[in-house]
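Comments concern the structure below.
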Amino acid sequence: MKATLILANGAVFTGRSIGSTADRVCEMVFNTSMTGYQEILTDPSYAGQGIVMSYPLIGNYGVNSEDNESDRPWAEALIVRHISPRGSNFRCETDLDSYLKQFDITGIEGVDTRALTRILRNQGTMNGMITCAEHFNIEDCMAKIRAYRVVGTVERVTRSAPEVFAPAVDCGRPLRVALMDYGVKRSMIGCLTNRGCEVTVLPAHTSAGEVLAGGFDGVMLSNGPGDPADNVEIIAELKKLYESEIPIFGVCLGHQLLALATGAQTRRMRFGHRGANHPVKDLRTGRSQITSQNHGYVVCADSVDPAVAGISHVNVNEGSVEGLQYKRPKCFTVQFHPEAAPGPKDTKYLFNRFIENMKGGDL
């Protein structure tokens, strides 16, 4: 079936329908990863977005139940150059097209995704629409595209009730971690349970008072979707957590939210960082690491008060803030995803640092 992709700038791409045939309006972003499409689709940070995969062949190893980062895909749409009709992998359980249909994810293949990526890179992230209608009114489509906004996404993806995950290894008395769910990935939970932690995943709007009364050894702030500045109530609670002495480790959206809670500012990036090959320099060691990233907002470097925090990591490509080490003891955050494995283990040391902080050290 024919499918059409319409961008907010008026560009039109024609291809073939994959997945659901429902019309879908969303924010179009591009990802430069060669693999990991299943983890990308099920990452709650992509709520409200359509993903353009710049690598031309997607779906060649199929889909399996082990690699999901959450119970369902959160992306609104998938745009690829070519989708493999079958998956060739010993763990493959179904093909990608069937998976998209199962979860009502609209897609399109057969478009020039590299040309599309250049548009988004040069002109910036923009809204778009995929339709399978044979005949459509372009003005009506453009009105829907212009009206779309990515809002309320943290509320959409967070848990409705706390959930406890037992330690995966026996290390004696387990460290108890409160993991704030702004759109948490399963691999992040695994990085803690595999280090002997008992992890209690809490809904995003859990109050600081409830967290501090829970007897936890540390707090982790998860990744998540949307504009961090929209989360006014969460930011107010994080300010209270920061003023306590509990160890804190934040990732991606959690990094941005804590920065806002401590007086810094964030800004929207032109096209963001989304991929598994972003080089980041650790200013403490001088070493560069390969990181996985997925964000469209960034902490403004000149808004960080040196009396509150110092910049600990920077993006090698363009110098943006990738990490903050707070002056307050046992508190640090990073913009990238240390739970992912692009390096594959370049940044796993950050979880070890968090563990040591909860044990009483101050690395």
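Numbers here are sequence positions counted from 1. The model shown is predicted, which means the values in this text are computed figures rather than measured ones.
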Single-linkage hydrophobic cluster, 4.5 Å side-chain cutoff, V25 and I108 together | no

Strictly by modelled atom types, are T291 and Q289 linked by a side-chain donor-acceptor pair under 3.5 Å?
-> no

Are Y37 and Y46 grouped together when hydrophobic residues (ILVMFWY) are joined by side-chain heavy atoms under 4.5 angstrom apart?
-> yes

Just wondering, more than 12 heavy atoms not from R118 lying within 6.0 Å of its CZ?
-> no

M269 atom CE, neighbour heavy-atom count above 12 within 6.0 Å = yes

Value for CD (Q256) from SG (C300), rounded to nearest 0.5 Å, stands at 10.5 Å

When you measure from the side chain of R176 to the backbone N and O of G214, does any donor-acceptor pair fall under 3.5 Å?
-> yes

Any luck finding a side-chain donor-acceptor pair between H255 and E322 under 3.5 Å?
-> no

Give a yes or no on whether R287 atom CZ has more than 12 heavy-atom contacts from other residues, nucleotides or ligands under 6.0 Å away.
-> no

Distance from F13 atom CZ to D112 atom CG, nearest 0.5 Å?
-> 7.0 Å

For Q38 and E69, does a side-chain donor sit closer than 3.5 Å to a side-chain acceptor?
-> no

Donor-acceptor pair, D217 side chain versus L175 backbone, under 3.5 Å?
-> no

Distance in Å, T266 OG1 paired with L257 CG, rounded so as to fall on 0.5 Å steps | 8.5 Å

Rounded distance [0.5 Å steps], CZ in F216 versus SG in C197 = 12.0 Å

Out of I130, I58, I51, which residue meets the side-chain contact (heavy atoms from CB on, under 4.5 Å) rule with I79?
-> I130

Is a donor on one side and an acceptor on the other found under 3.5 Å between the side chain of S33 and the backbone of A276?
-> yes

Donor-acceptor side-chain pairing of T125 and E27 below 3.5 angstrom | no

Expected output: side-chain S222 to main-chain M180 donor-acceptor under 3.5 Å | yes

Please round to the nearest 0.5 Å and tell me the distance separating atom OH of Y99 and atom CG of L41.
-> 6.5 Å

Looking only at side chains, do Y349 and D282 share a donor and an acceptor under 3.5 Å apart?
-> yes

Are L116 and V29 connected in a single hydrophobic cluster, I mean Ile/Leu/Val/Met/Phe/Trp/Tyr linked by side-chain heavy atoms less than 4.5 Å apart?
-> no

Just wondering, are more than 12 heavy atoms of other shown residues or ligands nearer than 6.0 Å to NZ in K348?
-> yes

Would one find more than 12 heavy atoms of other residues, nucleotides or ligands at under 6.0 Å from atom CD of E318?
-> yes

Under 3.5 Å, is there a donor-acceptor pair between the side chain of T206 and the main chain of P203?
-> yes

Does the side chain of N127 come under 3.5 Å of the side chain of R146 through a donor N or O and an acceptor N or O?
-> no

Hey, any chance I246 and M358 share a hydrophobic cluster, counting ILVMFWY side chains that come within less than 4.5 Å of each other, even indirectly?
-> no

If you draw the axis of the six-membered ring of Y242, does the NZ or CZ of R328 fall within 45° of it and under 6.0 Å from the ring centre?
-> yes

Relative to each other, are the rings of H273 and H278 parallel, tilted or perpendicular (30° and 60° limits)?
-> tilted

May I ask you to check whether over 12 heavy atoms, not counting those of R159, lie within 6.0 Å of atom CZ?
-> yes

Check whether any side-chain N or O of H337 sits under 3.5 Å from a backbone N or O of E339 as a donor-acceptor pair, and report yes or no.
-> no

Is the number of heavy atoms from other residues, nucleotides or ligands within 6.0 Å of CZ (R72) greater than 12?
-> yes

Verify side chain to side chain contact (heavy atoms under 4.5 Å, CB included) between L96 and S84, making sure each step is shown before the conclusion.
-> CA-CA 8 Å; L96 181 56; S84 178; over 6 Å; no

Between OG1 on residue T113 and NE2 on residue H82, distance to nearest 0.5 Å | 12.0 Å

F354 and F332 aromatic ring geometry - parallel, tilted or perpendicular at 30°/60° bounds | perpendicular

Charged N to carboxylate O under 4.0 angstrom, K101 versus D95?
-> no

Where the side chain of Q265 meets the backbone of S303, is there a donor-acceptor pair that is under 3.5 Å apart?
-> no

Between T131 and D23, does any side-chain donor sit less than 3.5 Å from a side-chain acceptor?
-> yes

